[in-house]
Amino acid sequence: MSSTAELRQSSAPLEKTPLETYVPPARPSLIGLSREELALKLGEIGVPPRQQKMRVQQLWHWIYFRGAKSFDEMTSVSKETRAGLAERFTVDRPEVVAEQISNDGTRKWLLRLPSGDDLQKAHEVECVYIPETDRGTLCVSSQVGCTLNCAFCHTGTQRLVRNLTAGEIVGQVMVARDRLNDWADRDTPHGNRLVTNIVMMGMGEPLYNFDAVRDALAIVADNEGIGISRRRITLSTSGVVPNIIRAGEEIGVMLAISLHAVRDELRNELVPLNRKYPIAELLKACRDYPGASNARRITFEYVMLKGVNDSLDDAKLLVKLLKGIPAKINLIPFNPWPGTAYECSDWEQIEKFSEYVFNAGYSSPVRTPRGRDILAACGQLKSETEKLSARERQALRAMAMTD
Ligand code: SAH
Ligand code: SF4
């Protein structure tokens with residue numbers, strides 16, 4: 001484990017609490033609200049319009065810069081306003097019900113959220129912190145489960161229960177900062193943080209939850225708050241073509257595409273969304289992606305599946321397809337999960353594949369699997385409470401194809 005992380009580990013380990021003990025929040029949390037929305041809430045508790053802008057600045061600083069967990073802490077806000085806020089709202093994050101720490105320092109948090117329709121019921125999502133020497137990356141979820149059922153992905157075998165709200169997405173970043181003791185000290189500017197990068201690569205397809213992801217990332221990137229710059233935020237999509245250009249225009253973060261296959265026939269099988277948006281259309285959207293340049297390359301993710309997509313012919317076609325796109329290729333060793341039919345390619349084959357694309361001029365790092373011992377690696381996130389039968393999966397896949 002990295003020594004800084006060790007230093008910041010001040011809180012006691014968490015044990016999973018039973019789902020039956022779930023108590024839904026009594027009041028709504030302000031986390032996830034924009035400045036305009038916060039001003040409206042202040043209006044609701046009687047703060048006059050001429051004071052709202054100043055109060056919003058204060059709240060923003062306490063919530064998103066300092067990470068305050070209660071209104072009591074917000075000493076620069078008048079007592080009266082604090083009391084009014086506390087009566088109606090909280091600054092609660094999603095409830096952390098378990099924390100696992102891998103022997104490589106990776107941490108996984110299981111978060112409990114109220115269900116959309118039945119407030120007495122709960123859903124669970126996971127987020128993962130991966131410390132590296134030069135950065136600390138937080139892998140954030142956008143949905144409970146995923147409707148897209150990619151053949152090699154554990155999350156895809158789970159029932160989609162619902163989209164996360166902007167507050168629940170921002171809340172994951174806040175939970176990580178809480179647990180890692182990673183908030184700014186009084187008046188200390190950004191810097192020396194453990195969470196430096198965000199990847200929208202947890203559970204769910206972020207471009208099927210566009211508005212909440214856009215609003216959440218605007219808050220995460222805001223320099224007066226959490227302050228993680230857009231260049232350090234990567235959104236990964238399995239290829240929701242109509243929303244890719246929109247993401248460039250309205251979200252403006254780095255883009256990663258889960259390509260995984262270079263022929264439509266195989267991609268249809270691995271990433272069923274390909275039947276709706278085939279490779280040529282997907283790559284056209286990448287060519288048109290606003291803001292892509294040699295300094296801001298699009299990452300193409302490619303999971304290495306033994307005997308399925310890992311031949312040198314695949315590597316050759318990959319290089320051909322990406323011609324003219326400012327791209328880097330990220331080879332991901334397949335992370336197996338209980339019940340999968342796929343195997344990870346042999347190391348030798350991964351190296352051959354990587355060498356070919358490297359010689360063709362593409363940076364092609366092989367992603368080191370992290371947190372495997374706690375099932376925290378890519379594509380392994382899945383909540384045990386949300387099992388799905390093969391028949392239900394089929395029905396969901398059909399639904400996803402037609403909307
Ligand atoms: N839904 C989005 C983002 C979440 S998945 C997407 O598909 O892009 C993040 C990455 O992990 C994707 O590239 C996904 O294809 C990959 N992945 C899924 N399951 C995996 C597994 N078992 N092993 C390795 N990578 C996996
Ligand atoms: Fe969903 Fe991404 Fe998993 Fe496919 S790889 S099922 S899009 S989370």
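Here, residue 1 is the first one in the sequence, and each next residue gets the next number. Only this structure's heavy atoms are used, side chains among them; waters, hydrogens and symmetry mates stay out. Counting starts at 1 for both ligands and their atoms, following the listed order.
A heavy-atom separation below 4.0 Å is found between Glu205 and ligand 1. In this structure, Tyr342 falls outside the shell of residues with a heavy atom less than 4.0 angstrom from ligand 1. Judged by the shortest distance from any of its heavy atoms, Gly202 lies inside the 4.0 Å radius around the atoms of ligand 1.
Of the heavy atoms in Thr147, none comes closer than 4.0 Å to ligand 2. Looking at Ile332 against ligand 1, only its side chain comes within 4.0 Å, counting heavy atoms.
Remark: ligand 1 and Phe152 share an N or O pair separated by less than 3.5 Å (distance only, no angle test). For a threshold of 3.5 Å applied to N or O pairs, the pair formed by Gly204 and ligand 1 contains at least one separation below that value.
Distances below 4.0 Å separate heavy atoms of Phe334 from the following atoms of ligand 1: 21 (C), 22 (N), 23 (N). If you number the atoms of ligand 2 from 1 as listed, the ones under 4.0 Å from a heavy atom of Ser238 come out as 7 (S). With ligand atoms numbered from 1 in the order given, ligand 2 contributes 6 (S) to contacts under 4.0 Å with heavy atoms of Asn149.
In the candidate list Met203, His260, Met201, Glu301, Glu301 is nearest to atom 10 (C) of ligand 1, counting heavy atoms.
Taking backbone and side chain together, Cys153 holds an N, O or S atom under 2.8 Å from atom 3 (Fe) of ligand 2. Put simply, Cys150 stays out of reach of atom 1 (Fe) of ligand 2, with no N, O or S atom under 2.8 Å from it.
Arg27 has no carboxylate O lying under 4.0 Å from a charged side-chain N of Asp92, or vice versa, which leaves the two without a salt bridge. The pair Asp310-Lys306 does not count as a salt bridge, with every side-chain nitrogen at least 4.0 angstrom from each carboxylate oxygen.
Two rings, from Phe353 and Tyr302, have their centers less than 6.0 Å apart.
Looking at Glu44 and Arg88, their side chains come closer than 4.5 Å, going by heavy atoms from C-beta outward. Using a 4.5 Å cut-off on side-chain heavy atoms (C-beta onward), Leu283 and Leu321 make contact. Between Glu301 and Ser236, some side-chain heavy-atom pair lies under the 4.5 Å cut-off.
Tyr289 contributes atom OH, which lies 15.5 Å from atom NZ of Lys284 (distance to the nearest 0.5 angstrom).
Using a 30° and 60° split on the angle between ring planes, Tyr342 and Phe152 fall in the perpendicular class, above 60°.
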